[in-house]
Amino acid sequence: MRAFTDRDLEAAGRLLAARHVAHRRREPLLDARFERPDVAAEAVLAAWQKDAASGAVAVRGGATVGYLVGAPKADPVWGDNVWVDSAGHAVAPGAAEVARDLYGYAAQRWVDEGRTAHYVLAPAGGDGGPAAGGSDALVDAWFRLAFGLQHVHAVREPLPAAPAPRLPLVVRAAEVADVPALGALDVALPAHQARSPVFGGAAVPTVEEQTQDWADTFGDPRFPTWVAQVPGPDGGPRVVGAAVGCALTESRTHEGLALLPDAGFLGFAAVLPGARGLGAGRALGERVLAWSGEAGHACCVTDWRATNLLSSRAWPRLGFRDTFWRLHRTVGH
Ligand SMILES: CC(C)(COP(=O)(O)OP(=O)(O)OC[C@H]1O[C@@H](n2cnc3c(N)ncnc32)[C@H](O)[C@@H]1OP(=O)(O)O)[C@@H](O)C(=O)NCCC(=O)NCCS
């Protein structure tokens, strides 16, 4: 074991490219370019060039069999942190156990620097893992370092058309008159995620703040928005849900190997608490899946907190398949 240096970029690129070949056997919608060692090495370089990056390399019999590179993110929501991003680690086939040595070497420095919240973006485990390239073994190694599954990235093909929603639901493009309802829905998501069992760290804004935000930005063609409505108590339509689509490149959460090419993004969806579980989320999600195709995207990506009991059940039911898992550990307890 030794510290990662510039001289390790080429070997790291080879290991990452091999990891990605195995990963793409499980999910062909991932970006084929990273199967090339030179392109993978560029992704490692981007991770390595981040401020305060550091890491480790494992060498056995003269050959590099694993590497790990992490760097802090500035956003205070992540705490005193280090992130190992999608290009930040790979091990040789059959050498998943080495991930534990790499972390053991690198993490001492991170904790000595006071960075005790650790995040790792790993290829998702699941069916066919070890047989298809050892991905489950890698996740298993992280789990035996006290990491747990915090967040899921996922993808699926666009829909050729949105199926008709279950009656009496109607899904339509949002209008300016929907801005107050959109403001309320924009609070419903962080309010849900602030509570058990997510306990997310993001601040919950007020309905007034979010309504003003929607009023300031409504109609931006980069962010097509739909609402779901049902008959209200007075018989008139009542908006109970909303969803926003955009190009995946608009998202800060997806970078490196997790930034899939030509991808649309289900960037926001929420249904009011009293209307959940009745099909509005499915109808909105399917609308965004159909829009992804209409807009010429090859696929549609979304992501969710693994601890969000609602979205973690809804989006897989719509056919989204896990691509990357964000694993998380807080040191010191
Ligand atoms: C996530 C959310 C948008 C889903 O909307 P919804 O209207 O509740 O979901 P739906 O009723 O359309 O259900 C969608 C699918 O998930 C399934 N599902 C929903 N709740 C479920 C539950 N508690 N257990 C198991 N499956 C469930 C449904 O069966 C449905 O699949 P099906 O159509 O094949 O039967 C909504 O619950 C919500 O606003 N949650 C809080 C905010 C949030 O988490 N937003 C998403 C952030 S990523």
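If you're wondering where the values come from, they're calculated on a predicted model, not measured in any experiment. Position 1 is the first residue of the sequence; numbering continues from there. Every heavy atom of this structure was used, including side-chain atoms; hydrogens, water molecules and symmetry mates were not. As the structure lists them, so they are numbered: ligands from 1, and atoms in each ligand from 1.
Among all non-hydrogen protein atoms, the one lying nearest atom 42 (C) of ligand 1 is Leu189 CD1, 3.7 Å. Among protein heavy atoms, atom 23 (N) of ligand 1 sits closest to Arg313 NH1, 3.7 Å. For atom 16 (O) of ligand 1, the nearest protein heavy atom (residue, atom name, distance) is Ala314 CA, 3.2 Å. Here the heavy atom of the protein found nearest to atom 35 (O) of ligand 1 is Arg317 NH2, 3.8 Å.
Evaluated by nearest non-hydrogen atom to atom 36 (C) of ligand 1, the leading choice among Arg276, Arg166, His151 is Arg276. Residue nearest to atom 7 (O) of ligand 1, selected from Ser312, Ala191, Ala243, Gly281: Gly281 (by heavy-atom distance). Considering each of Ala269, Gly279, Ser311, Gly277, the one bringing a non-hydrogen atom nearest atom 45 (N) of ligand 1 is Ala269.
Taking a distance limit of 4.0 Å, we find that atom 25 (C) of ligand 1 is approached by some protein heavy atom. Protein heavy atoms all stay at least 4.0 Å away from atom 28 (C) of ligand 1. For atom 20 (N) of ligand 1, no protein heavy-atom neighbour is found at a distance under 4.0 Å. In this structure, atom 13 (O) of ligand 1 has its sub-4.0 angstrom surroundings free of protein heavy atoms. In this structure, atom 38 (C) of ligand 1 has a protein heavy-atom contact shorter than 4.0 Å.
With respect to the salt-bridge test (charged N to carboxylate O, under 4.0 angstrom), the residues Asp178 and Arg172 qualify. A salt bridge is absent between Arg25 and Glu35; no separation between the charged side-chain nitrogens and carboxylate oxygens falls under 4.0 Å.
You'll find the side chain of Thr307 stays beyond 4.5 Å of the side chain of Phe199, heavy atoms only. Put simply, the side chain of Gln150 reaches to within 4.5 Å of the side chain of Arg305, judged on heavy atoms.
When heavy-atom distances to ligand 1 are checked against a 4.0 Å cut-off, Asn308 comes that close only through its side chain, counted from C-beta outward. Of the heavy atoms in Asp303, only backbone atoms (N, CA, C, O) come closer than 4.0 Å to ligand 1. Residue contacts with ligand 1, taken as heavy atom pairs separated by less than 4.0 Å, involve Arg282 via backbone and side-chain atoms alike. Within the 4.0 Å heavy-atom criterion, the part of Leu278 lying near ligand 1 is the backbone and not the side chain.
Listed by atom number, the atoms of ligand 1 under 4.0 Å from Ala270 heavy atoms are 39 (O).
Shown here for Leu257 and Ala43, the closest heavy-atom pair between the two residues is CD1-CB, 3.9 Å.
Close placement of the Phe324 and His23 rings is indicated, their centers lying within 6.0 Å of each other.
Shown here is Asp234, whose CG atom has more than 12 heavy atoms of other residues, nucleotides or ligands within 6.0 Å. Shown here is Glu10, whose CD atom has no more than 12 heavy atoms of other residues, nucleotides or ligands within 6.0 Å.
For ligand 1, the polar-atom distance check against His192 finds no nitrogen or oxygen pair separated by under 3.5 Å. Taking any N or O of Val271, backbone or side chain, at least one lies under 3.5 Å from an N or O belonging to ligand 1.
Relative orientation of the Trp142 and His89 rings is perpendicular, given thresholds of 30° and 60° on the angle between their planes. Ring geometry for His151 against His153 counts as perpendicular: the plane angle is over 60°, on a 0 to 90° scale with 30° as the lower cut. Aromatic ring orientation, Tyr103 versus Trp110: perpendicular (interplanar angle above 60°, classes split at 30° and 60°).
Evaluation of the salt bridge (charged side-chain N to carboxylate O under 4.0 Å, His left out) rule for Arg276 yields no partner, not counting sequence neighbours.
Residue pairs that meet the side chain to side chain donor-acceptor pair (under 3.5 Å) test with at least one member in residues 76-85, sequence neighbours left out, are Lys50-Asp85, Lys73-Asp85.
Ligand 1 does not have Ala188 within reach: every non-hydrogen atom of the residue lies 4.0 Å or more from it. Close to ligand 1: Trp315, with a non-hydrogen atom less than 4.0 angstrom away.
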